[in-house]
Amino acid sequence: MNDSDIVIPNGAHIAQVRKSCGLTQAQLAKATGYSIRLIGKTEQGKGVRYSSLVAIADTLRRNGAESVCASQLCSDPETIARQFVEAYRWHEQNMISEVRHLISDDLQVFIAGDQTRIPFAGNYSGPEGLQQFLDRFFGLLERPDKDALTLKYYTNANEVVAYGTEFGRIKGSDTSELTWLSLLFRIEGGLVVRFEDYFDTAPAQARVEAFREKINAWDEEE
């Protein structure tokens with residue numbers, strides 16, 4: 001993102017963070033050197049230069065919002081999708097708290113695969129449903145190398161597709177395998193309203209079934 005780029009800010013989130021810092025629009029305007037009109041425009045979700053969000057984020061950090069950055073103040077679809085993915089990359093099962101402000105209460109989630117063979121496949125609703133998927137996913141699988149997730153992003157209006165690969169393995173296994181991913185995000189009003197996860201289901205199903213057979217074998221030995 002270049003400082004001169006015009007971006008759509010996540011106005012509701014900016015207002016929320018400003019208020020949590022105990023600042024009025026006038027105080028934020030004075031601290032950033034911008035007009036109250038620009039701060040109001042930003043909180044209304046109207047286009048501003050990215051450099052304006054950088055200055056606003058810097059000021060909010062100095063006033064208590066320690067983790068905020070300019071990219072988090074955008075409602076640009078690709079920026080939101082990237083934040084979602086990076087939260088998954090680094091925080092895994094605990095990612096939701098990092099991006100809750102970007103997730104619609106009415107979020108719909110679809111995870112590809114045969115539900116009888118892949119325990120975490122299926123449909124989920126809301127942030128709670130997303131957490132349920134994450135709990136099931138990370139209850140079975142682990143990602144030994146967080147940097148191995150490699151995606152390219154393609155945007156069409158309010159939809160973003162992230163396509164690429166990452167390594168994963170069944171918990172307790174020594175062997176990691178490369179899996180392709182295709183993630184679909186639908187963004188409305190600066191929020192993720194739909195998330196779809198398509199992956200190489202056949203190898204995944206084979207790995208899960210092999211794991212189940214191993215567990216059954218252990219049970220029989222006991």
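Atom set for the values below is all heavy atoms of this structure, side chains included, hydrogens, waters and symmetry mates excluded.
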Using a 6.0 Å cut-off, check whether atom CG of D145 has over 12 heavy atoms from anything other than its own residue. yes
Determine whether the side chains of N123 and Q108 contain a donor N or O and an acceptor N or O closer than 3.5 Å. no
Apply salt bridge (charged side-chain N to carboxylate O under 4.0 Å, His left out) to the pair R186 and E159, showing each step before the final yes or no. CA-CA 5 Å; R186 184 175 301 140; E159 291 191 341; 2.8 Å; yes
Greater than 12 external heavy atoms within 6.0 Å of K146's NZ: yes
Which word best sums up how the rings of F199 and F120 line up, parallel for under 30°, tilted for 30 to 60°, or perpendicular for over 60°? tilted
Do the side chains of R169 and E177 get close enough for a salt bridge, i.e. N-O under 4.0 angstrom? no
Do T150 and E166 come within less than 4.5 Å of each other through their side chains, counting heavy atoms only? no
For L184, the hydrophobic cluster (side chain heavy atoms closer than 4.5 Å, chained through members) also holds V161
Enter the distance from D5:CG to L53:CG here, rounded to the nearest 0.5 Å. 11.0 Å
Could you state the interatomic distance from CG (L107) to CD1 (I96), rounded to the nearest 0.5 Å? 8.5 Å
Shortest non-hydrogen contact from A57 toward C69: CB-C, 3.7 Å
Does either side chain, that of Q25 or that of E43, offer a donor lying less than 3.5 Å from an acceptor on the other one? yes
Separation between OH of Y163 and CH2 of W180, rounded to the nearest 0.5 Å: 6.5 Å
Establish whether L191 and V160 are linked, either directly or via other cluster members, by ILVMFWY side-chain heavy-atom contacts under 4.5 Å. no
Considering non-hydrogen atoms only, spot the tightest contact between A162 and F185 and give its length. CB-CE1, 4.4 Å
Starting at CD1 of I36, measure out to CG of L28 and round the result to the nearest 0.5 Å. 10.0 Å
Count the heavy atoms belonging to other residues, nucleotides or ligands that lie under 6.0 Å from CZ of R49, then report whether that count exceeds 12. no
For N10 and H101, which heavy atoms make the closest approach, and how far apart are they? ND2-O, 4.2 Å
When rounded to the nearest 0.5 Å, the distance separating CZ of R194 from CG of D106 is 13.0 Å
Can D105 and R100 be counted as an ion pair, charged N to O under 4.0 angstrom? yes
Any donor-acceptor N or O pair under 3.5 Å, side chains T59, R62: yes
Using a 6.0 Å distance limit plus a 45 degree cone around the ring axis, check whether R143 lies over the aromatic ring of Y88. yes
Is a salt bridge present between R82 and E86, judged by a nitrogen-to-oxygen distance below 4.0 Å? no
Atom CD1 of I80 and atom OG of S71: how far apart are they, to the nearest 0.5 Å? 10.5 Å
